[in-house]
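Just so it is clear, the values below take in all heavy atoms, side chains as well, and ignore hydrogens, waters and symmetry mates. All chains are named by letter (A, B, ...) in the order of the sequence lines, taking the proteins before the strands, and each is independently numbered beginning at 1.
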Protein chains: 2
Amino acid sequence: MKRVSIKDIAQAVGVSTALVSYVLNNKEKEARVGQKIAEVIRVKARELGYQPNQIAKSLKTGRSQTIGLIVADISNPFFANIARTIEDEAKKYNYTVIFGSSDEAADKSQNLINILLERQVDGFIIAPTEGSEEQIRSLQDQRIPFVLIDRYFPDIQTNFVVTNNYQASYQAVRHLAGQHRKKIAMIAYKSELVHMKERERGYLDALKDSGLDSDLNLVKEISYNFIQREVGEVMGQLMRGHPDIDAFFFGSNALSMGGLRYLNRNNYRIPETISVVCFDESEAFDLFYAPLTFVNQPLLEMGKEAVRILAEQISGKQPQLDQVFVDSALIVREKH
Amino acid sequence: MKRVSIKDIAQAVGVSTALVSYVLNNKEKEARVGQKIAEVIRVKARELGYQPNQIAKSLKTGRSQTIGLIVADISNPFFANIARTIEDEAKKYNYTVIFGSSDEAADKSQNLINILLERQVDGFIIAPTEGSEEQIRSLQDQRIPFVLIDRYFPDIQTNFVVTNNYQASYQAVRHLAGQHRKKIAMIAYKSELVHMKERERGYLDALKDSGLDSDLNLVKEISYNFIQREVGEVMGQLMRGHPDIDAFFFGSNALSMGGLRYLNRNNYRIPETISVVCFDESEAFDLFYAPLTFVNQPLLEMGKEAVRILAEQISGKQPQLDQVFVDSALIVREKH
DNA sequence: AAGATAGGCTTAATCGATTAAATTGCAACA
DNA sequence: TGTTGCAATTTAATCGATTAAGCCTATCTT
C-alpha cells in the first residue's frame, strides 16, 4: 500500500535514484542518460504507477507550486467567481490554489497568511482587509511575492489588479443622472479601503458634474458584518429624511441584494419610483421584475492578470511593479 | 532574507536541533528537556520570528495536514457555500483546503485527484462526477481517506454525506400537489448520478401518491454544459406539448435560475398560472416578485459532517463506513 | 562503594526527492 | 601503449524537520 518512490523504481530497474530522477524530469539530455535505460525507467515508472511526491520536491527545490488565495469570503459570488478564474489560470502555470476567507478581519487575515507561509506557498493573491497594511508590508520585507486584488493600499507600493472603481462609479451615477434622477443616494460599506472610497468619490463627482447637490449626505455606510440588518434600517432613515430620493446606487453585490430586498418589501417600484444601479453583477438580477443596470467587473481578466503577475514575480522575471486597473462596463438594462 | 529554521535557533541558542524541535512541539515532558533551556529556546524562536516549515514536517511525518476538495464548480453558489463551511471546519482540525473544479467531467476529476495526490493531501472531500467510479475505487484500493458529498455511488461502499434527495423531492412535489396543481413538470439534469435519479424518483412517487398521472413524460433532462441554452428550449417544447402544465419542479439551483428566467420572459405568472418549487436555496429568490418555495439543504451540517468523517478516517479511528443522509427542509414561501 | 535511576542533551537516521561532483568504462588518438 | 575525452552512471550532500537511541553526569539505593 505504500506509495512508490523514485527509490522503488531505481531498485526495480537496478539503477541509482539519480538516474530515475533525471529521466522522469526529462533531464536526459543535460544528464546524458542512455536512451535504452531511460525508456526502461519510464516504462517501469508507469508500470508501478509512480506519482511524484510534490512535498519532497518542494522541500528540495524550495518551490511548493502552490499559491495562497485570501479573500473576504469564498462563499460570496464575487470571490467565488474570482477564485474559479484564478484556479483555472493557476493550473496553466502548474500551480495549485489553497484558499482562505478573512471575513474582512485583520486578525484572521494575519492568521491565514501565517498558515499559508508555513505551508510554503510560493506567493499570495490577496484581497486585503482593512487594517492589514502591516501584514502586507511584512510580506514585502520578506520578499514574498504577492498581488493584491479588488483593493490596494495607496500608501504602499505593491502589485495589484483592481477595478477602476472611481470611473465605474462615476459612470454609473452619471447614468442615473442622465435618466433625470435628481436625488441619488448611495449605499456603501463602512470601510477605509480605497475601493469603497473610490466608489464614493466617483459618486460624489458624478453628482457635481451633473449639477446635483452633493452636500446632502446621501451616502450611507453599512458595516460588513450586519448587512442584512442594517441595510433596511439605513435605507428607511434615508427615505424618511429625504422622501424625494429617486435613485439608489448600491456599492457592492451584497448591498444590492439587501437594498433591492428593502425596496421590494416597501413596495417601491423600479424604475418608476426609484432607479437603481448596482455594483457587481448577480444572477439574481435576472429574476428581478425590472431590468437592472449594473457595473460589470471583468472577473476573468482580473483573475488572469493576478496570476500572470504573481507567476512573473515568483519566477523573478519582474522586479518592477505591476499595477493594473481594469475597466468595468456599465451594463444598461433599463428599457427606454 | 532566508526563513529561519530550527537549525538557526539551535545555533543561536547553542543546542542541538533535536532540543529545539522537542520544545517547539511541546514535547518537553516526554523528552525531558530542562525548564530553563526550554524557555530560552522559546524566546529565541519568537525573537527570530520562526515559522515552522510545514513541508519539511509533512515529509517527515507523512501528514500534509491538507485536504483536497473537488467540486463541480467552485463558482456555483452551492459549492461555494459548501467550500466555506468545509474551510471553517477544516481549520478546527488544523487542516488546510486545496480545491479544484471538475466541471462534472471525469477526466478533469482524475486529473485533479492526481495533482492532489502528488501534493500528498491527507484525504479528499469529493462531489464525484458521472463516470468517476473507477477513480473512487482506486482511492479505496490505495486506502486513501475520502468522503463523497452531494452524490455517491450505490454500487460502491464508501463514506458519504448527502441530502436525502428522494424525500426532499417527494415532499416538494407533494406540496405542489397539495396546492391543487394537476400537471407538474420537472426539469432535471441529464445525469446518471444518484442525486438526480433520486430527485426524479421522488418526483414520480409523489405524483403517484397524489393521484396524478406520472406517465406523461413531464421530466425533462438538460445537459450540464448548456443549461442556459437548453432550459428555454426544453421548457418551450414542454409547454407546447402540454399547455395545461400548472407547476414546475426545478432540480437544482442553476436549473431554477434558468427556468424562472424562462417563465419570466414568457410572462407566466407565479403562482397564479404556474407554481414553482426549486431545489436549493438562492439569494436570487429574494428578488423574485413572488415568494418562492424551495428545498433547503443543510450546507453547514453537510460540511461539518464531511470534515468530521474525513478527519476520523485520516486518524484511523474509524474503519467502518459512515454514510450520512441529512434531511433538507421544504421552505414554503407562498402566500396562502 | 557499586550499581541503578533519572535527568538533560546530542547523535544520527530518516522522509523522497534534486543535482553538483565524482567515478567508471570504453573508444579514439598520438 | 598510454593518455585523453566523452558518455553513462553513481555517490553523496542537501532541503527542514522528527524521533529513537545513545551518552554523560549527578543523584539515589542498598
Anything under 3.5 Å between a protein N or O and an N or O of nucleotides 21-25 of chain C, put it in a table, one pair a line.
none

Practice item. For A/Leu19 and C/dA20, give me the distance from atom CG to atom P, rounded to whole Å. Key: 15 Å
Practice item. Return the angle between end axes of the helix from C/dA1-D/dT30 to C/dA30-D/dT1, with five pairs used per end and rounding to 10°. Key: 70°
**Study point:** Residues from residues 38-58 of chain A lying under 4.0 Å of DNA chain C - heavy atoms
**Key:** A/Tyr50, A/Pro52, A/Asn53, A/Ala56, A/Lys57
Study note, to complete from the structure: Judged by nearest nucleotide, the residue sitting upstream toward the 5' end of DNA chain C, A/Leu59 or B/Thr17, is B/Thr17
Point to revise | A/Thr163 OG1 to A/His195 NE2 distance, which is reported to the nearest 0.5 Å | key: 9.5 Å
Point to revise | Spacing of A/Phe146 atom CZ and A/Asn159 atom CG [to the nearest 0.5 Å] | key: 7.0 Å
Exercise for review: Please determine if B/Arg42 and B/Glu28 form a salt bridge, counting it only when a charged side-chain N lies under 4.0 Å from a carboxylate O.
Suggested key: yes
Check your understanding: Which part of the nucleic acid, if any, lies within reach of B/Ser5 when heavy atoms closer than 4.0 Å are counted: base, sugar-phosphate only, or nothing?
Key -> sugar-phosphate
Practice item. Check every strand shown and say whether A/Ile6 touches a base, only sugar-phosphate, or nothing at a heavy-atom separation below 4.0 Å. Key: sugar-phosphate
Review point. What pair of heavy atoms forms the shortest contact from B/Ser102 to B/Ile70, and how long is it?
Key: CB-CG2, 4.2 Å
Check your understanding: Is B/Lys304 atom NZ crowded by more than 12 heavy atoms from other residues, nucleotides or ligands, each under 6.0 Å away?
Key -> no
Check your understanding: If you draw a 6.0 Å radius around CD in B/Gln35, do more than 12 non-hydrogen atoms from other residues or ligands fall strictly inside?
Key -> no
Exercise for review: Measure the shortest side-chain to side-chain distance between B/Glu118 and A/Lys57 over non-hydrogen atoms and say whether it is less than 4.5 angstrom.
Suggested key: no
Practice item. Report the residues that fulfil salt bridge (Lys or Arg N to Asp or Glu O under 4.0 Å) with B/Asp107, sequence neighbours left out, ordered by chain and then residue number. Key: none
Exercise for review: Classify the ring geometry between B/Phe160 and B/Tyr152 as parallel (under 30°), tilted (30 to 60°) or perpendicular (over 60°).
Suggested key: parallel
**Study point:** Sidechain-backbone polar pair: A/Thr66 side chain, A/Ser64 backbone, donor-acceptor under 3.5 Å
**Key:** yes
Check your understanding: What is the 5' to 3' range of DNA chain D, first to last nucleotide, that sits under 4.0 Å from any heavy atom of chain B?
Key -> D/dG16 to D/dG22
Exercise for review: Using distance alone, with no hydrogens and no angle criterion, decide if A/Glu87 and B/Ser101 have a side-chain donor and acceptor under 3.5 Å apart.
Suggested key: yes
Exercise answer: donor-acceptor pairs, residues 126-135 of chain B side-chain atoms, under 3.5 Å, sequence neighbours excluded:
from     : atom 1 : to       : atom 2 : distance (Å)
B/Glu130 : OE2    : B/Glu192 : N      : 2.9
B/Ser132 : OG     : B/Thr129 : N      : 3.4
B/Ser132 : OG     : B/Thr129 : O      : 2.7
B/Glu134 : OE2    : B/Arg137 : NH1    : 3.1
B/Gln135 : OE1    : B/Ser109 : OG     : 2.6
B/Gln135 : OE1    : B/Gln110 : N      : 3.3
B/Gln135 : NE2    : B/Ala106 : O      : 2.8

